[in-house]
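These notes are about the structure you will find just below.
All values below were derived from every heavy atom in this structure, side-chain atoms included, with hydrogens, water molecules and symmetry-related copies excluded. A, B, ... follow the sequence lines: proteins, then strands. Residue 1 opens every chain.
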Number of protein chains: 2
Amino acid sequence: MADTGRTRQSGQVVEDLTTSLAERIANGEFPLGTWMRQAKVAEDYGVSRTPASLALSRLEAMGVLERVPNRGFRVRYPSPREIMEVFEVRAVLEGHAAYLAAGRITEVQLQQLWEQVAGFRRVVEMIREGADSEAVGAPWRHSYSTFHQTLFEAAGNSQLHEAAEALYRKLPRKISWRVLRGDPRSLTQHADEHEDITTAIEMRDGAKARQSTIAHIEAARELIIAHLPTPEPGRTRG
Amino acid sequence: MADTGRTRQSGQVVEDLTTSLAERIANGEFPLGTWMRQAKVAEDYGVSRTPASLALSRLEAMGVLERVPNRGFRVRYPSPREIMEVFEVRAVLEGHAAYLAAGRITEVQLQQLWEQVAGFRRVVEMIREGADSEAVGAPWRHSYSTFHQTLFEAAGNSQLHEAAEALYRKLPRKISWRVLRGDPRSLTQHADEHEDITTAIEMRDGAKARQSTIAHIEAARELIIAHLPTPEPGRTRG
DNA sequence: CCTCTCTAGATTGCATGCAATTACATCTAC
DNA sequence: GTAGATGTAATTGCATGCAATCTAGAGAGG
């Protein structure tokens with residue numbers, strides 16, 4: 001069972017399934033190419049196959065899964081080309097978000113950004129001190145998503161946020177961490193870049209904020225591209 | 001029946017339903033706020049309620065419909081705020097597409113853009129000559145979507161294209177035409193702006209192409225905002 | 001005349017059943 | 001031993017049934 005625990009309200013099953021599955025896939029619980037069987041999902045969550053099928057279909061519409069007719073859904077295997085494209089669009093969107101944020105951010109939100117920068121620093125320190133990279137993955141991802149969440153809130157354009165979220169969903173988040181965790185130098189650079197962005201926003205320098213964000217995402221893209229795992233065609237059963 | 005006519009392949013019903021409904025909604029066939037009943041959709045397409053429900057759920061995931069628990073789906077009523085935000089993100093995305101296109105476009109694609117510019121001119125001419133605005137709405141929308149389709153193809157980033165498409169779906173296309181059709185001056189300006197963009201791309205001037213595109217979309221946004229219809233709360237039955 | 005309560009009808013949301021399709025293993029022919 | 005045909009198990013995709021839920025309207029009470 002992967003239930004959330006709280007009593008489920010009527011008419012919310014599909015919503016819960018979709019959210020939960022999206023989260024689990026993003027966290028890398030299901031390897032790329034894994035077949036998501038209706039019956040398995042239904043059993044896992046204690047529901048029938050109808051809502052399971054609905055949730056899987058929604059995840060396909062969201063770009064998380066791919067559908068093979070009469071064979072079902074599996075976790076999408078983004079091609080190197082697709083990954084590059086996603087990063088390029090992310091750079092444009094987040095760059096604009098940083099630009100907007102520089103002109104609108106509140107003191108509270110700015111402080112929130114600084115806290116996450118500090119969070120990145122702590123993770124870097126822990127890695128340098130030999131902490132288990134798997135254990136600090138969660139706090140790293142937490143700082144990462146909080147930073148971006150705050151950035152987009154400060155930008156004040158929810159459509160911009162949604163467009164970026166749709167892109168995030170196309171790449172499992174764990175990919176980034178798998179690449180970064182073994183490379184303290186890149187980790188430090190990553191933290192530095194977040195500080196650059198935050199500083200530019202604090203200075204209310206929109207152009208610089210945009211430029212720093214684009215540079216940050218392009219650096220991340222290069223790192224990922226260089227460390228792409230070799231694709232392995234997913235098995236059909238299982 | 002709103003079937004496409006060709007024999008339906010097995011395992012394609014939901015796909016067809018989703019595409020067809022998205023198209024019909026985008027074309028304004030269902031007024032904003034209209035309730036999309038499962039039974040009605042199922043009957044219209046000669047299928048059971050299961051695939052109808054699936055298609056509606058997918059359309060919600062795509063941002064076309066909104067869901068009210070235990071009451072169903074209805075065509076989303078974008079708020080003025082949301083419309084403004086969509087246009088702002090469109091400006092960023094399409095601006096970047098124009099920038100990329102300037103560096104990569106082929107001769108054939110460039111010619112395609114010019115053809116659509118000519119198409120806009122023809123529509124403007126027909127309106128000036130007193131043509132029925134409803135009748136030339138279709139060719140106008142055709143030129144519009146072909147122009148953008150070609151622009152994004154030339155940009156060569158399918159993620160960029162998908163992100164923009166997702167935004168288009170959030171606003172019924174007929175809205176734009178309803179605003180423009182009664183205003184020959186704006187129509188002419190619209191055509192001029194498309195020509196500016198195409199010229200910049202032809203000159204391989206990426207910065208200018210981006211700037212022209214952003215100016216174009218911002219002009220469209222201002223026009224739409226100024227002509228927003230007064231929202232009328234959708235009825236619950238019907 | 002207004003407000004609250006109750007009821008009937010409509011609609012969704014989920015469970016289940018079954019035919020169509022597919023993958024995989026086995027068997028046969030050469 | 002290999003290529004092709006055949007059978008079986010697994011899986012999807014759609015149809016249908018039914019309980020839970022919601023709306024609208026009638027009727028009672030103030």
**Request:** May I ask you to check whether over 12 heavy atoms, not counting those of Gln111(A), lie within 6.0 Å of atom CD?
**Result:** no

**Message:** What is the distance, to the nearest angstrom, from the CZ atom on Arg71(B) to the P atom on dC22(D)?
**Reply:** 9 Å

**Message:** Please report the end-to-end axis angle for the helix from dC1(C)-dG30(D) to dC30(C)-dG1(D), five pairs per end, rounded to 10 degrees.
**Reply:** 0°

**Item:** d(CE, Met36(A); P, dA10(D)) in whole Å
**Value:** 20 Å

**Request:** Using atom CZ of Phe73(A) as one end and atom C1' of dT12(D) as the other, report the distance to the nearest whole Å.
**Result:** 9 Å

**Below 4.0 Å: OP1/OP2 of dT12(C) and any side-chain N or O of Arg37(B)** = yes

**Request:** Return the value, rounded to whole Å, for the distance between atom CD of Gln38(B) and atom P of dA15(D).
**Result:** 13 Å

**Request:** Measure the distance from CZ on Arg74(A) to P on dT11(D) and round it to the nearest whole Å.
**Result:** 15 Å

**Asked** For atom OH of Tyr99(A), is the number of surrounding heavy atoms from other residues, nucleotides or ligands below 6.0 Å larger than 12?
**Response** no

In a table with atom names and distances, give each donor-acceptor pair under 3.5 Å that connects a side chain of residues 83-91 of chain A to protein atoms at least two apart or in another chain.
residue  : atom : partner   : partner atom : Å
Glu85(A) : OE1  : Ser158(B) : N            : 3.1
Glu85(A) : OE1  : Ser158(B) : OG           : 2.8
Glu85(A) : OE1  : Gln159(B) : N            : 3.4
Glu85(A) : OE2  : Arg81(A)  : NE           : 2.7
Glu85(A) : OE2  : Arg81(A)  : NH2          : 3.3
Glu88(A) : OE2  : His96(B)  : NE2          : 3.2
Arg90(A) : NE   : Glu94(A)  : OE2          : 2.9
Arg90(A) : NH2  : Glu94(A)  : OE2          : 3.2
Arg90(A) : NH2  : Tyr144(A) : OH           : 3.2

**Prompt:** Please give, in whole Å, the distance from dT11(D) P to Asn70(A) CG?
**Reply:** 14 Å

**Request:** Taking ring pair (Phe, Tyr, Trp, His ring centres under 6.0 Å) as the test, write out the residues that go with His216(B), two or more places apart.
**Result:** His190(B), His194(B)

**Message:** Counting neighbours of CD on Glu115(A) that are heavy atoms of other residues, nucleotides or ligands and sit closer than 6.0 Å, is the number greater than 12?
**Reply:** yes

**Request:** Could you pull out all residues at least two apart from Glu162(B) that satisfy salt bridge (charged side-chain N to carboxylate O under 4.0 Å, His left out)?
**Result:** Lys170(A)

**Item:** Which residues share a salt bridge (charged side-chain N to carboxylate O under 4.0 Å, His left out) with Arg49(A), sequence neighbours left out
**Value:** none

**Message:** Between P on dC14(C) and CG on Asp16(A), what's the gap in Å once rounded to a whole number?
**Reply:** 10 Å

**Asked** Can any side-chain N or O of Arg74(A) pair as donor or acceptor with the backbone N or O of Gly33(A) at less than 3.5 Å?
**Response** no

**Test side chain to side chain contact (heavy atoms under 4.5 Å, CB included) applied to Val47(B) and Val14(B), step by step** = CA-CA 10 Å; Val47(B) 296; Val14(B) 173; over 6 Å; no

**Asked** In residues 48-57 of chain B, which ones come under 4.0 Å of DNA chain D, going by heavy atoms?
**Response** Ser48(B), Arg49(B), Thr50(B), Pro51(B)

**Item:** Length of the CD-P vector between Glu43(B) and dT11(C), whole Å
**Value:** 12 Å

